[in-house]
Every structure is written in structure tokens, then in C-alpha cells.
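Fair warning: this is a prediction, and the values are worked out from it, not measured in the lab. Proteins get letters first, then strands, A, B, ... in listed order; numbering begins at 1 in each.
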Amino acid sequence: MTTPDAAERSTTAQSTSDEPRFRYTPALAQEIELRWQDRWEELGTFHAANPTGPLTGPGGEGPSGDPFFIMDMFPYPSGAGLHVGHPLGYIATDVTGRFRRMCGDNVLHALGYDSFGLPAEQYAVQTGQHPRDTTEANIANMRRQLRRLGLAHDPRRTFATIDSDYVRWTQWIFLQIFDSWYDAEAPRPGGGTGRARRIAELEAELAAGNRPVPGHDGDNTGGAVWAALSREEQRDVVDAQRLAYVDSSPVNWAPGLGTVLANEEVTADGRSERGNFPVFQRNLRQWKMRITAYADRLTDDLEHIDWPEKVKAMQRNWIGRSAGAKVRFDVVGTAEYDPAGAGAQVEVFTTRPDTLFGATFMVVSPEHPLLDEVPSAWPDGTRSSWTGGYATPVEAVAAYRREAAGKTAVERQADAGKKTGVFTGHLALNPVSGLQIPVFTADYVLMGYGTGAIMAVPGGDERDAAFAEAYDLPVIHTVEPEGGLPEDFTGAYTGDGKVTGSTGPDLSLDGLTVPEAKVAITRWLEEKGIGEGATTYRLRDWLFSRQRYWGEPFPIVWDSEDRPIAIPDELLPVDLPDVPDYAPRTFAPDDVTSEPEAPLGRNEDWVKVTLDLGDGPREYRRDTNTMPNWAGSCWYYLRYLDPTDTEHLVDPALEKYWLGARHNATSGPAGGVDLYVGGVEHAVLHLLYARFWHKVLYDLGAVSSIEPFGKLFNQGYIQAYAFTDERGQYVPAAEVEGDELTGWTFQGKPVEREYGKMGKSLKNVVTPDEMYESYGADTFRVYEMSMGPLDLSRPWETRAVVGSQRFLQRLWRNVVSEETGELTVSEDPAETGTLRVLHRAIADVRAEMSNMRPNTAIAKLITLNNHLTGLDRVPREAVEPLVLMTAPIAPHIAEELWARLGHEHSLAREPFPVADPAYLVQETVTCVVQVQGKVRARLEVAPDIAEDDLREAALAEPNVVKAMDGRGVRTVIVRAPKLVNIVPA
RNA sequence: GCCCCGGUAGCCCAAUUGGCAGAGGCAACCGACUCAAAAUCGGUCCAGUGAGGGUUCGAGUCCCUCCCGGGGCACCA
């Protein structure tokens, strides 16, 4: 998409009449690149061979070498097209893939398109076109831009998530999850307990009486309780256990988007990640996925995969496992003032059960059921500061609950730290100290975490201390450090130490360490039956339905009783219907009372469907929700293995070959994709969801590996400078002149420079198309790879691209005459000096490439190339390995030179050069002689010089003698052959 | 506030286990080529590693404190 502007700006050398005919110009580069791209496609050069099935290697060959599965994060084709930042990761994986292929691996690398979801739909709505049209056009454009880059993908393995035969399997997986429940006690084949099982097995066990019926009391021995239920009641029991289930609970509702969202899609300040709209908590009936059942495995299995620590930490934090105990407090019910509390209990979760003696009050969240009934009068001892000025607990609690409900997440967030709350009138009994403690409600306790209630220990918790201070509540310290707390210490002590002040009628924790006390109190609670060790998670179940048009429809129908039924496999896929209007029903962004309305509901003919599900034709209503776009990206890596497969989600033999545990030398025990490259922004969204689905599929026997992505690599971003004029308006960055020293000007006027993203509105976009035209794809690839380490973000600088172009031009000139186009290489053997430089380069490049450091690999290639440039004639023996080593990074020019050097076949599978150790040892080594750490002399010595000889030679060196200045020698440190350090007395 | 990553030449970046601060590129400057310029080729210049302290014969590298930049989390009991 080269704009006329961009074309004019392309000032880099175009062919001019006096230029040598065969110079490596952008025009020649373009000709070479297009030719080789066609050739690769024609020959199927990058077809990866499957061990079974229709997908063979080039020429119908089977697999050879180790399988190596390399992947980019699923691209989402936007209407804006690509800028030069986007291909960075694609080039990096391509370079690695080409390198591994030359190292003999069977490389699988392909690219599909993630194409359902909000952005595509927003773009379609804005431009007034059907999302399918805009999405397909965007994919076509992106394909074109990427093809021009010369990526070594297997073109047979591409697809888009909107393809009907892809949707079919996405829906199929949904139905597998719908047809499963989590048996937390079931042993897993690979070790550990807890796995998904089929719903039929649950029904069988309930009918046989092997387990109690959830939600129904009574002894189910022999299936008595189960048998007593009606068919409808049985279905309700089972439906509530499914891994994909519908329930009514507080969810994130974004009126401005017209849909509900998953927790992961809401930012910390309560707005939608997409569009930045306010998000409200509404109680709505929605589809969810029971990802919480997998919380432990999702945390524990991180140990078995090679991911950046940062991402692992983000996942751990998001899952938020914390170990502690649940404790039940009796609410003191007396006829006089608290009939409501009689017999009630409040269960709390705490990570610090050892501080139970310090619990001087309790706090329940405003949504807590205990507050449905509160005493009608304030009990004795109620302080005026607790009541909020209300005459009765009933009024006070009602007012506070109302206030809390009206607060948006944003407001709650803004108030964090400032403690508000009110006494509920309830009193509870501290089970260890026997003291009566007041129960407060406050919005710093969240209904969604733990039990929605806490025991407040102001002596050991900062938040509780802040609340205690605001409401004049007593503080007891139960832990003190070595030497005790200072006399005047107030507030919370959260450090380590010994337990103190924790002796009650039949228990004492005094003198124990905190960990010891945790164990002791937990055991005591369990013995007394008033609590037990417990683990809670921050992770919530995954809200899976969206009220938008552009997504996979749920393969579910609802019967007349409003219970969900799976659509049979043979009726998949359920394609998106045409609706009169696909635009979402959106509302004013702050319209709290609005309700989601699914666009699919607008086609009554589609919603009403008559099916024969085994009991004769009946009328059903289709589910009108669509799936979030994460659905498609949860399993696409499996589809690459064979997108033509209509029989399986994935052929088990292929899954084992490409993804199984230890399928090659670097694959770990968890298996998975060998290299997965993408930005860090999906750390807890896509990567968590995909791991969850994979584990369900593992439990159900569809895959053998326990993790989808064995190695993850986060690439940095290409950033750019943007410039603003004196009004703060962005000016076209390409037309700004100047530098760091002189300052920056636009049309003669000074402008301010800022550093950040590349974007249309910032007027600093540079596109790959501009690069192809001005330099060619190879130069662009070399430049992107040479800018710096892959995991670092760095600024784009168009004027620096010429350095990469010069490298390729010199390489070209080392093989081909610019005047005649003839081969200029010499067939004579290379001199020893050249061979040393060559083999040094081979050894270094191999090491750098193996460790994904293309920037330093390129530096070594340039060094070798520059050496060859200095020779009268370049020996074939030296330049052929250079061409091969350049191939992963600049494949087109390498292929062209390889062909001109007389080779008939593509170099894509030529062995990557191997260094001859004989040329790696140097004839002489420069030895540095230091006196007291300062360099005083240099010696040329043999690499295998003996330590004693070296010491002597160093001490005899005139400069050393001078530096010693007559002082005696205390020590001599010899690190033969490179260093001698003399320490004077 | 807590956690993670980074700070080396005018700029982007290199630097095995602690061992000569410089591999490569950009820019600048000089020269060659040219009538001239661009392109090209050859060459030159430039920092003591964010600051301070410590360990060591020796610190960009290890330890401590602080500063700056980027990212993540943030009432999660």
C-alpha cells in the first residue's frame, strides 16, 4: 500500500543510466526476490513433511531429521495494513526456521490468520461493510505484504479462523468441553490427581451411587438420591458440573461495546482493554469455562516449560494461588438484639491463621449474604463512629450496600487506601480467644475472592490496621521480631518473628515461629471442626460468551424448558447466519442499567430450529451468543499439523511427532511447540486460555503433550520517533530534518521529538512496502535483524538501512562483476589467513544463530565479507560458505548467488557450514601483560606457551621492568596464553 | 508502594568463567573516483561503561545504596 507520498519520499538510489548494469540495486533485488518467491512456491521448497497423511515434503518425500515446529503469534489482519514493526517476529522465526532446516531439521513453519473478533467487527461497522468482506480483504493484503518478505512458510498449511472448516473444529472443541466435568480426585495417567472426564461417566457414577449428588443432601448410596430426582433435576445437576456451563453471576458488562467481557479483558482501572470503555458488574446469565479447575496445573506446569520468567510470573500472579486456612466464626445470636444472627456462621479465608488471636473484628463484603438480615438495634458497646450516623444497623447496612453497588470499578479503585465501612450490628465469637468481636461491612473486602469475608487482624495486616485506625478498633500484636516491638509501635507488624499473646483456654501458639504456628493452628482448627487448611485463587472462571456478531456461534440449542443441548457433531459447523444488522447493540458507555442484546437474535428464522435429537423432531431455540476471539487462537497450533484433516481435530500420530514430549533434543517433558515468538501482551490472555484448552484436550485424550508451547520467546518492539510542532500537532516524521546535536526542524521550524509507537495518528509510519521498493526485502530483513537483540525494543531509523544494503552489495560484488554480470570468484584454494577468518566466522555465526542472536551473527558475516572484499580475487572456497550462512537472513540474494556459483538446487536444505577446528587455533596470541591490573606491555606468543615461559617473558619485558620501578614481585598471575598480571610487593 | 527488565562512543548495539572496553552498523570528518555531485571504495575521530561505595591482582561483568528509562501488579485477606 504505497501511497503517492511515500513513493516521492523514496529518495534512495534507483537505477540511473551511468550505474553499472549488474549492480545490486533495489530494482535488481526486487527482480531476484520476486523470481525466487515464485520458484519456492512452484517447487514447494518449504513444504514440511508429515510422517503420515497427505502433507509430504517437496517432491513427495517423507520426513527426515528431527521435527522442529516453529510458530508466530497468530496475526490479526487489521485494515491499516502492516508497518515495519510488524514483521520483526516473522523475520526472526523465518531466520531460525531456515537455519534449522539447513541444520537438517524437519521444520514446520506456517502462518494462519486470527480473524474473528471485536477489532475486525469495529472496522467493518465503521466502513459500513460486512465483516467477512473487510476481513477477507485485510487477510489478502497482509498475505501479499508478507509474501513479499520471502518467508519460508509451508503455504499448504495456512487458514483463517473464520473458515467454515476451522469453525467446525472450534465448535467441536467447545462441545468436548461442554461434555466434560472435572473430577478433582481422579488420578492422571502422567501423575497427579484431577482431570476432566466425560459427562456420561458422571451420570453413571451418580446413578450407581459412587458419589454424592451435588446440591442435594442425603445418602446417595445405591444412587437413591439421584434416582429420586426428575430427569430435569438430574440435568440441572449435571449442567452445573460441566466445564462449559451457564450461570448467573456478576460479570463485566461494557455498555459501550455492547458485550460482556472476561476478567482478563478488563484493565486494572475497570475499563475494557478494547476501546477503553467503562465496565460494570452486572448479574447476568452467561457462558463460562471452568478454568479455575485447572488453576493448580496451570501454575505447577509452568515449571516444565521454557518461557521467560517474566511471563511465568505474570501467569502465576494472575492465577494467584495462596495457601492458608478457612475458619468459621459463630455469629452471636441473642433474642434481644440479634435474632437474625442466631445460629449463623461466617466463614473467612486467611493466609495467616497463626494470627487468629489478633482478630479483633471481622469484615464482610457488602454483597455478603450475612447482610441480608441484620439486627434491628445497635448492641451495647457500639461506638458512635461505627454507625455512620444511622439509628439502626438495618438502615446503616442498607445505605452502605446501596452506596457500594453504585460505585463503579473506577471509583472503587480511586478510593483504594481510603477505608470506608459500617458496623453491621452482628457480633461474632473469636474461636480461640473467646472474645466477642464486631462484624463490619466494607468494600475493601471483595465478594469475589476467598469467602467474601475476613477476620481482621490490625496487628498484622496493613489494610486492617488502616480500617482499625479509622474506626477506633483494638489492635493486638501476635508476632514480634527478635527483641520485641518498640514500646510505642502502632499499626501492623508484617515481618517475621515469634508468636506472642496467643494463648487461649485450650491452645497456645506462643513461642512458635510463624510457619510453625500456621501448622499448629490449622491442625487445631481441623480437630475442632471449625476450620481447615485451604487454598484459594485469584483466577475466576472464564466468561466465554459475547453479544457480538463476528464470532463463532455456540453449537448449542435450548429446549422448551430452557436447558442447553449440544448440537450433534454431524450438524457442525453452525455457520454465522445473515442478520438484518450485524452491528452490536451498544449503549451510552456509562449506561449501567442497559442489558446486552445479541445480534444473532435478530434473525428469527435462524434462531428457531427444528431438530430430531433422538426423540422426534422438535423445535429449539439456538444460542445467540458468539465466542470470544480467543477461541480460535486457543488451538490453531494444532491445525497447522494438518489443516486438510476432516476426520480429526488433530491426527494423534502427527500430534505426537510434532508436539509430543521430548520429540527432539531440545523439547522438554511437557512437549509443545519448539519456538513460539510473539509480543508479551498476551502473557495472561491467549497464553493462559490456550494452555487451559490444551490441558482439557489432554485429559480427554485428544493430545499427548501437557503443554501447547514448549518454548516462548517475547520479541521486543520496533519503536519510532514522532515529532510535534509548537501547537502540539504531529508533523510527518519522514520530513523532519536535523539530529540529536543540532535539534529537529520541520519546514524550518523547530519541532519536539518523542519516542514511542508507530502509528497513523503519530505520522511516523514506515511500511514494509516502502522498504521493498527502496531497498528490497533482503536488505529490509538484514536491517531488522541487525538492529539489536530480538528481545529488546529499539527505534526504527530509515536512514540507517543503507548499511545493510551496502553489506549485500559488497557480498554481491564479491561473487559477480557489476560491469559484466560474470562470476568473479577464483577457483584457487584460499590462503591460510583467509581460511582462519572464514572458519572463525563459521564457528561464531553458528553459535550466534543457534542462540537466536541474528544481530551478532550478521556482524560476523559482515566481518568475513569485508575481509573478502579486501582480496584481489575472492576464492570460491571462502565465499560459498558465506553465501550459505547469509541465506537464513537474506535468502533471495543467497539463492541467486548460489545459483550463479553453479549450483542447480536451492540452498534451502544445503548443510549449514561447519568450522574446521584446525583453522580455529591461532598461530600466535597477543598476551597482555599487566602490572597491578594496568596494561603495560603486549607479547606475541604461541597459543600453547607454558606458564613458566610466559611468566619469564613477561617479567623480562622492558616496559614491565620500568613499571615495576625497582619494586619486588609479590605475585604473578598467569592465565596462559592471554594474560599475565604482576603484583608488585 | 511492590516486582521484573534495561542504562557502554553523537545514535543503534558488541564484549566466554571477572582478564586488552569495541565486533558490526548509522552519523560526522578526511581521502580516492568524478568536470562536479550522488553512489561506491579506503581511512579517521569519538566513551572508560547512569552515580557513589565495596569485594578482587584485576569489575561493563559480582555485592550494597541511589538516580534515570521501560514494563507488570496494585485493597486478593
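Put simply, the side chain of K978(A) and the base of C20(B) share no donor and acceptor less than 3.5 Å apart.
When each of G24(B), C26(B), A77(B) is scored by its nearest atom to the side-chain atoms of T351(A), the top-ranked nucleotide is A77(B). For Y444(A), whose side chain is taken as the heavy atoms from C-beta onward, the closest listed nucleotide among C73(B), C75(B), A23(B) is C75(B).
Contacts classified as salt bridge (Lys or Arg N to Asp or Glu O under 4.0 Å) and involving residues 783-794 of chain A (residues at least two apart or in different chains) are not found.
Nucleotide A21(B) forms a pair with no other nucleotide shown, judged by Watson-Crick or G-U wobble geometry with both contacts under 3.5 Å. Applying the Watson-Crick and G-U wobble criteria (two distances, each under 3.5 Å), G10(B) pairs with C26(B). Base pairing analysis places U56(B) opposite nothing; no Watson-Crick or G-U wobble pair with both distances below 3.5 Å involves it. A 3.5 Å limit on both hydrogen-bonding distances identifies no Watson-Crick or G-U partner for U49(B).
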Distances under 3.5 Å only, N/O to N/O: pair up the protein atoms with those of nucleotides 56-58 of chain B.
residue	atom	partner	partner atom	Å
C57(B)	O2	N981(A)	ND2	2.0

Do any N or O atoms of the protein come closer than 3.5 Å to N or O atoms of nucleotides 41-45 of chain B, and which pairs are they?
residue	atom	partner	partner atom	Å
C41(B)	OP1	R810(A)	NH1	3.1
C41(B)	OP1	R813(A)	NH2	3.0

Write out a two-atom table: protein N or O, nucleotide N or O from nucleotides 4-15 of chain B, distance below 3.5 Å.
residue	atom	partner	partner atom	Å
C12(B)	O2'	M787(A)	O	2.9

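Residues satisfying the salt bridge (charged side-chain N to carboxylate O under 4.0 Å, His left out) test with D464(A), not counting sequence neighbours, are none. Not counting sequence neighbours, the partners of E797(A) by the side-chain contact (heavy atoms from CB on, under 4.5 Å) test are Y783(A), R799(A), A800(A). Remark: R316(A) pairs with T299(A), L302(A), E309(A), K312(A) by the side-chain contact (heavy atoms from CB on, under 4.5 Å) rule, at least two apart or across chains. Every residue two or more places apart in sequence or in another chain was checked for a ring pair (Phe, Tyr, Trp, His ring centres under 6.0 Å) with H368(A), and none qualifies. Applying the side-chain contact (heavy atoms from CB on, under 4.5 Å) test to R328(A) and every residue at least two apart in sequence or in another chain returns Q345(A), E347(A), E532(A). For the ring pair (Phe, Tyr, Trp, His ring centres under 6.0 Å) test, no residue two or more places apart in sequence or in another chain qualifies with W307(A). The ring pair (Phe, Tyr, Trp, His ring centres under 6.0 Å) search around Y471(A) returns F440(A), F467(A), not counting sequence neighbours. The side-chain contact (heavy atoms from CB on, under 4.5 Å) check on Q30(A) picks up L34(A), R148(A), with sequence neighbours excluded.
With hydrogens and angles left out, the side-chain atoms of E848(A) and T856(A) include a donor and acceptor closer than 3.5 Å.
Between N252(A) and E265(A), every side-chain heavy-atom pair lies at or beyond the 4.5 Å cut-off.
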